[in-house]
Amino acid sequence: MNSYSEKFEKMRSAGKLASQTLDMLVDYVKPGISTDKIDQLSYEYINDNGGYSAPLYYRGFKKSLCTSLNHVVCHGIPSDRILNDGDALNIDVTAIVNDHYGDTSRMFTIGDVSIKAKNLIDSTYEAMMKAIKILKPGIKLGDIGFEIQSYVENKGFSVVRDFCGHGISNTFHEPPNVLHYGKKNTGIELKPGMTFTIEPMINAGKFDVKVLNDGWTAVTKDKSLSAQFEHTLGITEDSYEIFTESVKEYRKPPYN
Ligand code: MF3
Ligand code: CO
Ligand code: CO
């Protein structure tokens, strides 16, 4: 027992429900489904399993999750858009259980996607995992950004600057900001009990982003493809815990 074990227990429940929602979606995310249907399935699944969808009514957002397709960087709004062969989709689920938040996203590929899309998606997943694997008390926030930035820039991709990871516990977004670019040994020091997300958005082209007139949908300015993965994590006495790991061991597409 320690001062944060109760908080971590709640983060585990919320994280598990969010990741199980993504696991459930694997059977449905196929050519012909709309992003609204994905939203509806997730809303029902989360409610049926004792949670709430955090995005619904969050700052005026009207859906239960974000669906960010192809050149959409993040905060895509579910709609009647039908998924087609060749699409690359990020689904970002945030569940509330026992007043705590679990926030996680994965890429889904619909049918066959280009080699370039596969490379971007694999690199984004690897970048997130490289950053996660260095987590322990004593490292600095800048070390996280450095891991991600150095890895993806070496592959010719770019790190989105306008959105970042965030502290998360009994609120959705709290300090600190977790930047996905940066310099080693800069920023605040990680301490046991801290809980936050790492959610790099990586573009095939330039990092510049603009938000559409709906006030939410962020897209790449150069219309290049963008990918993202997200985990909710906690810092332990000497390491880290991933609260949103897939029970089915789904990591990156293809999932079956
Ligand atoms: N899940 C997103 C994040 O990773 C936030 C979505 S806010 C919403 O922080 F309102 F757009 F859903
Ligand atoms: Co988040
Ligand atoms: Co999220």
Side-chain angles (χ1 to χ4, degrees), residues 11 14-23 25 35-36 38-43 45-47 51-69 72-79 81 89-97 100-108 124-125 127-129 131-132 135 141 144-145 148 159-180 194-202 209-219 226-234 240 242-246 250 252:
M11 295 298 285
K16 187 172 179 189
L17 180 54
S19 82
Q20 285 179 313
T21 306
L22 290 172
D23 290 352
L25 288 172
T35 51
D36 265 340
I38 293 169
D39 178 70
Q40 182 207 326
L41 288 164
S42 306
Y43 173 85
Y45 185 85
I46 291 169
N47 278 272
Y52 298 94
S53 287
L56 190 58
Y57 309 132
Y58 176 77
R59 298 186 181 207
F61 198 77
K62 291 187 173 57
K63 301 284 173 163
S64 289
L65 46 64
C66 297
T67 49
S68 301
L69 191 60
V72 179
V73 171
C74 64
H75 302 166
I77 306 171
S79 71
R81 168 68 152 84
L89 178 71
N90 175 275
I91 304 179
D92 189 343
V93 172
T94 313
I96 310 174
V97 179
H100 283 60
Y101 290 69
D103 189 8
T104 184
S105 84
R106 292 179 209 148
M107 295 301 295
F108 290 74
T124 303
Y125 180 78
M128 175 182 72
M129 291 313 298
I132 289 174
L135 297 175
L141 272 185
I144 295 173
I148 295 166
V159 179
V160 169
R161 306 297 204 260
D162 293 5
F163 299 95
C164 56
H166 47 92
I168 182 170
S169 59
N170 58 354
T171 62
F172 196 170
H173 296 106
E174 58 190 48
N177 282 338
V178 180
L179 305 187
H180 303 113
M194 285 180 64
T195 48
F196 56 87
T197 72
I198 298 181
E199 49 180 301
M201 285 141 276
I202 307 300
V209 164
K210 67 173 181 189
V211 175
L212 301 185
N213 287 334
D214 60 25
W216 284 103
T217 311
V219 300
S226 187
Q228 180 179 29
F229 287 85
E230 175 175 26
H231 272 314
T232 297
L233 308 135
Y240 65 88
I242 303 178
F243 298 124
T244 46
E245 197 95 273
S246 166
Y250 293 147
K252 58 189 173 81

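Just follow the structure's listing: the first ligand is 1, and inside any ligand the first atom is 1. Heavy-atom basis, side chains included; hydrogens, waters and symmetry copies ignored.
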Does [Y] offer a backbone N or O that forms a donor-acceptor pair with the side chain of [X] under 3.5 Å?
X      : Y      : value
Thr197 : His231 : no
Ser19  : Glu245 : yes
Thr232 : Asp103 : yes
Asn177 : Leu179 : no

For [X], atoms of ligand 1 separated by under 4.0 Å from a heavy atom:
X      : value
Pro55  : 12 (F)
Phe172 : 1 (N), 5 (C)
His173 : 3 (C), 5 (C), 9 (O)
Tyr58  : 7 (S), 10 (F)
Glu199 : 3 (C), 4 (O), 9 (O)
Thr94  : 1 (N)

Exercise. Assert yes or no for the condition that the ring centre distance of Tyr58 to His173 is strictly below 6.0 Å.
Key: yes
Quiz prompt | OD2 (Asp103) to the Co ion (ligand 2) to NE2 (His166) angle, given to the nearest 10 degrees | solution = 100°
Practice problem: Determine whether Leu233 and Leu135 make a side-chain contact, defined as any pair of heavy atoms from C-beta on separated by less than 4.5 Å. | Solution: yes
Quiz prompt | Option whose closest heavy atom lies nearest to atom 6 (C) of ligand 1, chosen from Gly60, Ser68, Ser64, Cys66 | solution = Cys66
Quiz item: Is His173 close enough that one of its N/O/S atoms sits under 2.8 Å from the Co ion (ligand 2)?
Solution: no
Quiz prompt | Side-chain H-bond candidate by donor/acceptor type, Glu199 with His180, under 3.5 Å | solution = no
Exercise. Tell me which part of His166 gets within contact of ligand 1: side chain, backbone, both or neither, using heavy atoms under 4.0 Å.
Key: side chain
Quiz item: Is ligand 1 under 4.0 Å from a heavy atom in the side chain of Asp103, in the backbone, in both, or in neither?
Solution: side chain
Self-check item: Name of the Glu230 atom (N/O/S only) found closest to the Co ion (ligand 3)
Solution: OE1
Exercise. Flag His75 as yes when one of its N or O atoms lies below 3.5 Å from any N or O atom of ligand 1, and as no otherwise.
Key: no
Quiz item: Would one find an N or O of Glu230, backbone or side chain, under 3.5 Å from an N or O of ligand 1?
Solution: yes
Hey, what do you get for [atom1] ([X]) to [atom2] ([Y]), rounding to the nearest 0.5 Å?
X      : Y      : atom1 : atom2 : value
Met128 : Met201 : CE    : CE    : 12.0 Å
Asp92  : Arg106 : CG    : CZ    : 11.5 Å
Phe243 : Ile168 : CZ    : CD1   : 10.0 Å

Quiz item: Where is the nearest protein heavy atom to atom 2 (C) of ligand 1: which residue, which atom, and how far?
Solution: Asp92 OD2, 3.4 Å
Self-check item: Closest approach to the Co ion (ligand 2) by Glu199, given as the N, O or S atom name
Solution: OE2
